[in-house]
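Comments concern the structure below.
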Amino acid sequence: MVCIYCSGSTKVTNSRPQKRLHQVWRRRQCTQCQAIFTTNEAVDFSTSLVVRRPDGSMTPFSRDTLFVSVYRAVGHRERSVEDASALTATITAKLLHGGSEAAVSPADITQTAYETLNHFDAAAAVQYQAYHH
Ligand SMILES: [Zn+2]
């Protein structure tokens, strides 16, 4: 990865795996202008999980779409962004481990999200269900 300021080459000066989030956080430093910035390496779920719609068409799984719906459900919580990130990661992991076939239905996603939210915060699950009925 090149420097965001001068396009010089960068080196990794620190890295921290975030096990629950399927992400690796890295601190990088430019070898030319010495600027420091961070990157997050994350799994691209759109290539490993597809959604099979009721009409039979397939679309890539969108982590962002799931995150937005989870975030809306936990919006009443103090640490809603962190909670939504962790919950989205948990739901995605459950969907990936749900079977050998890497295709899920929209109903699978809704059901898995609801169960995960319900385990975490019953009020959030009620919120979620209100949007996905
Ligand atoms: Zn630079």
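We count ligands from 1, going down the list as the structure has it; atoms in each ligand are counted the same way.
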Starting at CG of Leu87, measure out to OG1 of Thr92 and round the result to the nearest 0.5 Å.
10.5 Å
Restricting to under 2.8 Å, identify the protein N, O or S atoms around the Zn ion (ligand 1) as residue plus atom.
Cys3 SG, Cys6 SG, Cys30 SG, Cys33 SG
Pair up each side-chain donor or acceptor in residues 61-69 with any protein partner under 3.5 Å, not counting sequence neighbours, and list the distances.
from: Ser62; atom 1: OG; to: Asp64; atom 2: N; distance (Å): 3.4
from: Ser62; atom 1: OG; to: Thr65; atom 2: N; distance (Å): 3.0
from: Ser62; atom 1: OG; to: Thr65; atom 2: OG1; distance (Å): 2.8
from: Ser69; atom 1: OG; to: Leu66; atom 2: O; distance (Å): 2.9

Output every pair passing salt bridge (charged side-chain N to carboxylate O under 4.0 Å, His left out) with a member in residues 31-41, not counting sequence neighbours, ordered by first then second residue.
Arg26-Glu41
Assigning hydrophobic clusters by single linkage (Ile, Leu, Val, Met, Phe, Trp, Tyr; side-chain heavy-atom cutoff under 4.5 Å), is Tyr128 placed with Tyr71?
no
Hey, are the side chains of Thr38 and Asn14 touching, using non-hydrogen atoms and a 4.5 Å cut-off?
no
Give every residue pair that meets the salt bridge (charged side-chain N to carboxylate O under 4.0 Å, His left out) criterion with at least one member in residues 105-121, sequence neighbours excluded.
Arg77-Asp121
